[in-house]
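Comments concern the structure below.
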Amino acid sequence: MKLTEIKRVKDQELLSGLIRIHILYHACKEPIFGLGMIEELQRHGYKLSAGTLYPMLHGLEMRGLLRSEKIRLGRRSRRVYRATAAGRKTLAKAREKVRLLLGELLE
């Protein structure tokens with residue numbers, strides 16, 4: 001089953017944690033922005049709308065895992081997100097949990 005075929009709310013809720021980890025991973029590597037993350041997640045089989053992604057970004061920011069700033073790009077502006085120190089620590093913990101889970105899933 002492709003990730004884009006998951007329609008049931010319960011299945012989507014399960015995957016939302018993986019999406020948040022994915023977002024945090026990229027924000028630790030470099031500054032991210034909404035449309036760029038939508039495109040990145042699509043490359044991995046996730047199909048998210050802006051109405052789904054932006055609340056996730058805002059939630060991660062409210063929890064102190066991301067911080068954002070508006071930057072000017074000519075006449076336009078864009079909100080860019082970066083991982084905080086707490087976000088990097090949380091990703092390190094999540095990475096270990098995912099490693100343990102992956103080991104069990106592949107037994």
Inset, instruction - Could you grab the distance from atom CZ of R79 to atom CD of E61, nearest 0.5 Å is fine? - result: 6.5 Å
Legend entry - Pairing of E69 and R82 as salt bridge, 4.0 angstrom limit: yes
Inset, instruction - For side chain to side chain contact (heavy atoms under 4.5 Å, CB included), just list the numbers for L60 and I23, CA-CA rounded to whole Å, side-chain angles, deciding distance to a tenth of an Å, and then say yes or no. - result: CA-CA 9 Å; L60 291 168; I23 291 168; 3.8 Å; yes
Inset, instruction - Carefully, step by step, assess L41 and L53 under the rule side chain to side chain contact (heavy atoms under 4.5 Å, CB included). - result: CA-CA 10 Å; L41 290 165; L53 180 70; 4.2 Å; yes
Legend entry - Residue pair L91 / C28: nearest heavy atoms and the distance that separates them: CD2-SG, 3.6 Å
Inset, instruction - Ignoring hydrogens and angles, tell me if any N or O in the side chain of T52 forms a donor-acceptor pair with the backbone of L48 under 3.5 Å. - result: no
Inset, instruction - Report yes or no: do L35 and M56 belong to one cluster of Ile/Leu/Val/Met/Phe/Trp/Tyr joined by side chain heavy-atom distances under 4.5 Å? - result: no
Inset, instruction - Assess whether atom CZ of R72 is packed by more than 12 heavy atoms of other residues, nucleotides or ligands within 6.0 Å. - result: yes
Legend entry - Inter- and intrachain pairs under ring-ring contact (aromatic ring centres under 6.0 Å, His included), touching residues 14-36, at least two apart: H22-H26, H22-H44
Legend entry - L57 side, atom CG; S68 side, atom OG - distance, nearest 0.5 Å: 9.0 Å
Legend entry - Check against side chain to side chain contact (heavy atoms under 4.5 Å, CB included), L24 and R20: CA-CA 6 Å; L24 201 51; R20 284 178 176 85; over 6 Å; no
Legend entry - Closest non-hydrogen atom pair, G64 against A86: O-CB, 3.7 Å
Legend entry - Side-chain touch I32/V80, heavy atoms, less than 4.5 angstrom: no
Legend entry - Carboxylate-amine/guanidinium proximity below 4.0 Å for R43 and E40: yes
Inset, instruction - Consider only side-chain N and O atoms of T84 and R67, and report whether a donor and an acceptor are under 3.5 Å apart. - result: no
Legend entry - Residue pairs fulfilling ring-ring contact (aromatic ring centres under 6.0 Å, His included) with at least one residue in residues 54-102, sequence neighbours excluded: none
